[in-house]
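Working notes, structure below.
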There are 2 protein chains.
Amino acid sequence: MKNTLLLVLVALGLAAQTTGESPQYAADEHLTFPADYRQWVFLSSGLGMTYGPAKSADPNHPLFDNVFVNPSSYRAFVATGHWPDLTMFVIEVRSATEKGSINNGGHYQDAVQAIEVEVKDEKRFPQKWAFFPFAGTPTAAALPADSTCNTCHGQNAAVENTFVQFYPTLLEIAKQKGTLNAAYLEKNR
Amino acid sequence: MKNTLLLVLVALGLAAQTTGESPQYAADEHLTFPADYRQWVFLSSGLGMTYGPAKSADPNHPLFDNVFVNPSSYRAFVATGHWPDLTMFVIEVRSATEKGSINNGGHYQDAVQAIEVEVKDEKRFPQKWAFFPFAGTPTAAALPADSTCNTCHGQNAAVENTFVQFYPTLLEIAKQKGTLNAAYLEKNR
């Protein structure tokens, strides 16, 4: 019976692991690209937002950004309003198309232009959160702790180091749980 | 050993069921709202697209649409280019906000304006696919088989009854698997 229970737990563990949810690092400390991120939880998207890893130089050709988070961290946030250690965000930037098929207006999404991963790894990074720009490579090095990503998130993020102000379902949870950053509350009174 | 294997399979089955992926109907045949759809697989989003359940009357205030599909059907599509029976799509329409926090341009997402579910249920619907507009209610009736949703999807969808032409990751798979509709290929040569 003990063996049976063990097997059941192993089976459930394998089912959870298939999503590759925790950050994995190569021998050189570079982060491995989370290949399954399109099966993670979608937080929101924007079009032509004036921040982020790949701004469009031409306002007539704005870019979409999609944000995903690993599923177990999403469920932890819904329960607590906080991000657990080893949380991973992916921001995927895509070009926008205007006309095609039956669409005669507005914009829909086309090819990937940039991907950046944000990781919370308290043991590995003194500043807890780190950013990894991927340029089609299987691994990426962390940006320095004083990068513009780190600085802007540190100064403006609504919850910890994350832009929950742009994720409508999570913003409500952070308000309910009282986990909005004091600096964010001060600026947005 | 046979009992052990059975228990392992039951455990994996329970893990899959927790997402509530299959369509559930109330006694009056109305579809039950799939409450966990924000944990399903995101396919894409658009802004101000000129089709869909909730068009904005004012082009200066376009709406976002987010499309989600149940995870097991997503994995089946990646493997085959086809949608299995009991596939469920959710299209969620949200208003767009322009200025807030550090964003000084472009648009990001705000409150839900409309939600519509599309279901493939071959035994229940002679036309195989049906549409259910939810207006904040726990259940919704199917639109008639000659609704504008059914007609437009039937005439213009890229794969079966679905607008895969607007989902960049799936469009590539449909091309590779050769599952694009003949009528779509004819119109988009």
Side-chain angles (χ1 to χ4, degrees), chain A residues 3-5 7-12 14-16 38-51 55-56 59 62-66 68 71 74-75 78 94-97 100-112 152 155-158 163 165-169 184 187-188, chain B residues 3-5 7-12 14-16 38-51 55-56 59 62-66 68 71 74-75 78 94-97 100-112 152 155-158 163 165-169 184 187-188:
Chain A
N3 284 345
T4 304
L5 189 64
L7 269 171
V8 171
L9 290 173
V10 166
L12 284 169
L14 285 174
R38 289 281 311 197
Q39 294 187 55
W40 291 2
V41 177
F42 169 72
L43 294 182
S44 197
S45 67
L47 177 64
M49 293 177 74
T50 57
Y51 85 108
K55 272 181 281 196
S56 175
L63 297 168
F64 277 102
D65 58 274
N66 300 318
F68 303 84
Y74 171 85
R75 292 190 291 270
V78 169
R94 285 185 178 266
S95 51
T97 296
S101 180
I102 56 166
N103 184 55
N104 293 310
H107 296 80
Y108 62 97
Q109 302 192 7
D110 202 352
V112 172
C152 182
Q155 290 173 352
N156 298 296
F163 284 139
Q165 58 263 53
F166 300 132
Y167 314 141
T169 57
Y184 173 80
K187 283 181 191 165
N188 293 277
Chain B
N3 284 345
T4 304
L5 189 63
L7 269 169
V8 171
L9 290 174
V10 166
L12 284 170
L14 285 173
R38 288 283 309 200
Q39 294 187 56
W40 290 4
V41 176
F42 168 71
L43 294 183
S44 198
S45 66
L47 178 64
M49 292 176 75
T50 55
Y51 85 107
K55 272 180 282 196
S56 174
L63 297 168
F64 277 102
D65 56 276
N66 300 318
F68 303 85
Y74 171 85
R75 291 190 291 270
V78 169
R94 286 184 177 267
S95 52
T97 296
S101 181
I102 57 166
N103 185 54
N104 293 310
H107 295 80
Y108 63 96
Q109 302 192 8
D110 202 352
V112 171
C152 183
Q155 290 173 350
N156 299 295
F163 284 139
Q165 59 261 53
F166 301 132
Y167 315 142
T169 57
Y184 173 80
K187 282 182 192 162
N188 294 276

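In what follows, chains carry the letters A, B, and so on, assigned in the order in which the sequence lines appear, proteins first and then strands, with residues in each chain numbered from 1.
- The ring-ring contact (aromatic ring centres under 6.0 Å, His included) test applied to B/Phe64 returns no partner, not counting sequence neighbours.
- Options B/Arg94, B/Gln155, B/Lys187, B/Arg38 differ in how many heavy-atom pairs under 4.5 Å they form with chain A, and the most are formed by B/Arg38.
- Looking only at side-chain heavy atoms (C-beta outward), B/Asn188 and B/Gln165 stay at 4.5 Å or farther from each other.
- When heavy atoms are compared at a cutoff of 4.5 Å, B/Asp110 approaches chain A solely by way of its backbone atoms N, CA, C and O.
- Taking all atoms of both residues into account, the shortest heavy-atom contact from B/Met49 to A/His107 is CG-O, 3.7 Å.
- Interface check for chain A: of the options B/Val41, B/Asn156, B/Asn66, B/Leu47, the most heavy-atom pairs under 4.5 Å are formed by B/Leu47.
- The candidate with the highest count of non-hydrogen atom pairs below 4.5 Å against chain A, out of B/Ala96, B/Ser44, B/Ser45, B/Pro168, is B/Ser45.
- Using a 30° and 60° split on the angle between ring planes, B/Phe42 and A/Phe42 fall in the parallel class, below 30°.
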